[in-house]
Amino acid sequence: MSIDYLIIGQGLSGTFLSYYLLQAGKKVFVIDKSTPFTASKVASGVINPVTGRRIVRTWRIEELLPFALKAYTELGNEFGKNLVKKSSVLDFHPSLQMKEAFDKRLSEEREYLHIPATFEWKSYFNYHFDIGEINPCLLADINVMLDCWREKLTSEKVLINEEFSWDNCLVNNDFITYKNITAKKIIFCDGVAGTDNPFFKNLPYAPNKGEAIIAKIPGLPQNYIYKQGISIVPWRDDLFWIGSSYEWNFANVQPTSAYRERVASQLKYWLKVPFEIVDHIASVRPANMERRPFVGLHPRFSTVGILNGMGTKGCSLAPFFAKQLTSHLTEGKPIYADADVKRFEKILSRKLN
Ligand SMILES: Cc1cc2nc3c(=O)[nH]c(=O)nc-3n(C[C@H](O)[C@H](O)[C@H](O)COP(=O)(O)OP(=O)(O)OC[C@H]3O[C@@H](n4cnc5c(N)ncnc54)[C@H](O)[C@@H]3O)c2cc1C
């Protein structure tokens with residue numbers, strides 16, 4: 001089989017890259033080993049334009065947020081699903097200091113920060129320092145997107161559920177081969193597995209484990225994202241996703257009883273309404289030291305490419321940079337210098353081993 005692009009991985013990155021390359025009329029084949037708890041499957045799907053203790057805009061959000069809205073809407077149209085909605089984060093200030101910080105930023109950041117409309121939040125939550133609103137945010141249904149896109153690619157016989165193995169792959173100057181496939185290029189969208197990829201393992205990855213609780217909270221309105229240290233996010237089947245942790249040192253990727261207990265006691269303190277924990281999930285974010293994605297072709301091996309390093313923001317970064325990588329591959333357009341993997345030319349030019 002002769003194709004244009006062989007894509008390894010069908011998380012957020014591989015999904016959007018295969019979508020845009022197919023849209024550009026290219027012949028694509030995707031290899032993805034289905035596992036239940038990848039970063040994309042565990043993600044809450046929130047795109048929050050303003051984050052951190054300083055409540056500042058996230059990198060390039062003015063472009064990323066409208067692009068993501070369009071990307072999820074268009075991809076959803078492929079299979080008649082609404083994959084994204086506009087939402088608000090209600091920020092329950094955890095301290096007087098945080099309330100003052102929010103109030104100060106409110107006068108400077110008029111686009112995304114607001115005072116929420118009055119509502120009886122006191123019947124749902126215990127809180128002492130008012131609420132701020134971050135709007136617009138987006139909430140994407142990542143799991144439905146991954147499942148529907150996988151089904152479509154599988155039915156078109158352009159996705160196979162198997163583990164990619166280097167034993168079967170040969171990288172040449174003008175093409176690559178994998179088993180019976182010959183492709184012009186191979187593009188790795190392999191998430192945290194990229195830390196072992198012989199072509200890209202020297203990149204400054206900093207894998208980061210995140211755990212989340214899935215709970216029933218009957219009666220809590222499903223049209224907001226609630227935040228007070230942890231976030232409570234509407235999830236499928238009237239459930240809520242609650243999380244998450246950020247751990248750089250971890251022994252394994254399993255959910256821990258310590259995290260479950262910590263969240264349960266936070267919820268007991270914060271919520272006035274009953275809740276029931278029904279699941280507990282965990283995965284590892286393909287994060288990196290620079291907090292910028294890895295996008296483009298290897299500086300020495302032009303048949304090998306990457307779309308990775310999405311860190312905590314894959315829901316907004318993956319669609320945008322999948323499109324940018326597609327335009328680069330098919331029309332020679334540039335990739336933003338601070339995302340282009342060529343910025344690591346020096347370390348990527350070290351001898352492979
Ligand atoms: C708890 C948690 C909450 C999060 N919440 C959010 C959020 O609300 N908003 C946000 O923007 N981001 C969030 N993220 C981050 C986001 O999930 C990641 O940035 C994003 O999912 C990365 O997508 P990816 O496609 O690059 O990698 P992955 O999702 O890891 O996908 C990689 C794919 O490649 C496959 N693969 C790897 N190696 C091989 C191989 N050898 N053979 C075959 N297949 C292979 C894997 O099985 C997988 O399907 C969260 C992450 C976590 C852990």
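Order of listing sets the numbers, starting from 1, for every ligand and every atom in it.
Under 4.0 Å is where a charged nitrogen must lie from a carboxylate oxygen, and between K152 and E156 at least one such pair does. By the 4.0 Å N-to-carboxylate-O rule, D4 lies too far from K27 to be salt-bridged with it.
Comparing D196, L64, I281, T312 against atom 10 (C) of ligand 1, the shortest heavy-atom distance belongs to T312. Of all the listed residues (S40, G194, G11, S44), S40 holds the heavy atom that lies closest to atom 29 (O) of ligand 1. Among A287, A322, G9, the residue whose heavy atom lies nearest to atom 36 (N) of ligand 1 is G9.
Contact annotation for K209 and ligand 1: no heavy atom of the residue comes within less than 4.0 Å of the ligand. Contacts with ligand 1 closer than 4.0 Å are made by no heavy atom of F37, backbone or side chain. The residue S34 has no part lying near ligand 1, judged by heavy-atom distances below 4.0 Å. Looking at A212 against ligand 1, nothing comes within 4.0 Å, counting heavy atoms. Contact annotation for T35 and ligand 1: only side-chain heavy atoms (C-beta onward) come within less than 4.0 Å of the ligand. Of all the heavy atoms of I47, none lies under 4.0 Å from any atom of ligand 1, so neither backbone nor side chain is involved.
A ring-ring contact (aromatic ring centres under 6.0 Å, His included) with H93 is found for one member of F125, Y127, F129, F102 and no other, namely F102. Test W121, Y124, W270 against Y226 for ring-ring contact (aromatic ring centres under 6.0 Å, His included) and you get one pass: W121. Of the residues listed (F199, Y205, F321), the one engaging F294 in a ring-ring contact (aromatic ring centres under 6.0 Å, His included) is Y205, and it is the only one.
At a 4.0 Å cut-off, not a single heavy atom of G243 sits close enough to ligand 1 to count as contact. Ligand 1 lies less than 4.0 angstrom from a heavy atom belonging to W241. At a 4.0 Å cut-off, not a single heavy atom of A318 sits close enough to ligand 1 to count as contact.
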May I have the list of side-chain donor-acceptor pairs in residues 334-349 shorter than 3.5 Å, sequence neighbours left out?
residue	atom	partner	partner atom	Å
Y336	OH	E63	OE1	3.3
Y336	OH	E63	OE2	2.4
D338	OD1	R60	NH2	3.4
D340	OD1	K342	N	2.9
R343	NE	E290	OE1	2.8
R343	NH1	P293	O	3.1
R343	NH1	A339	O	2.9
R343	NH1	D340	O	3.1
R343	NH2	E290	OE1	2.9
R343	NH2	R292	O	3.3
R343	NH2	P293	O	3.0
S349	OG	E345	O	2.6

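Nearest protein heavy-atom contact of atom 19 (O) of ligand 1 is G311 O, 2.7 Å.
If you check the side chains of E211 and T256, you find a donor sitting under 3.5 Å from an acceptor.
Remark: ligand 1 atoms within the under-4.0 Å shell around heavy atoms of V46 are 7 (C), 8 (O), 9 (N), 10 (C), 11 (O).
Between F16 and Y72, the ring planes are perpendicular. Angles over 60° get that label, and only those under 30° would be called parallel.
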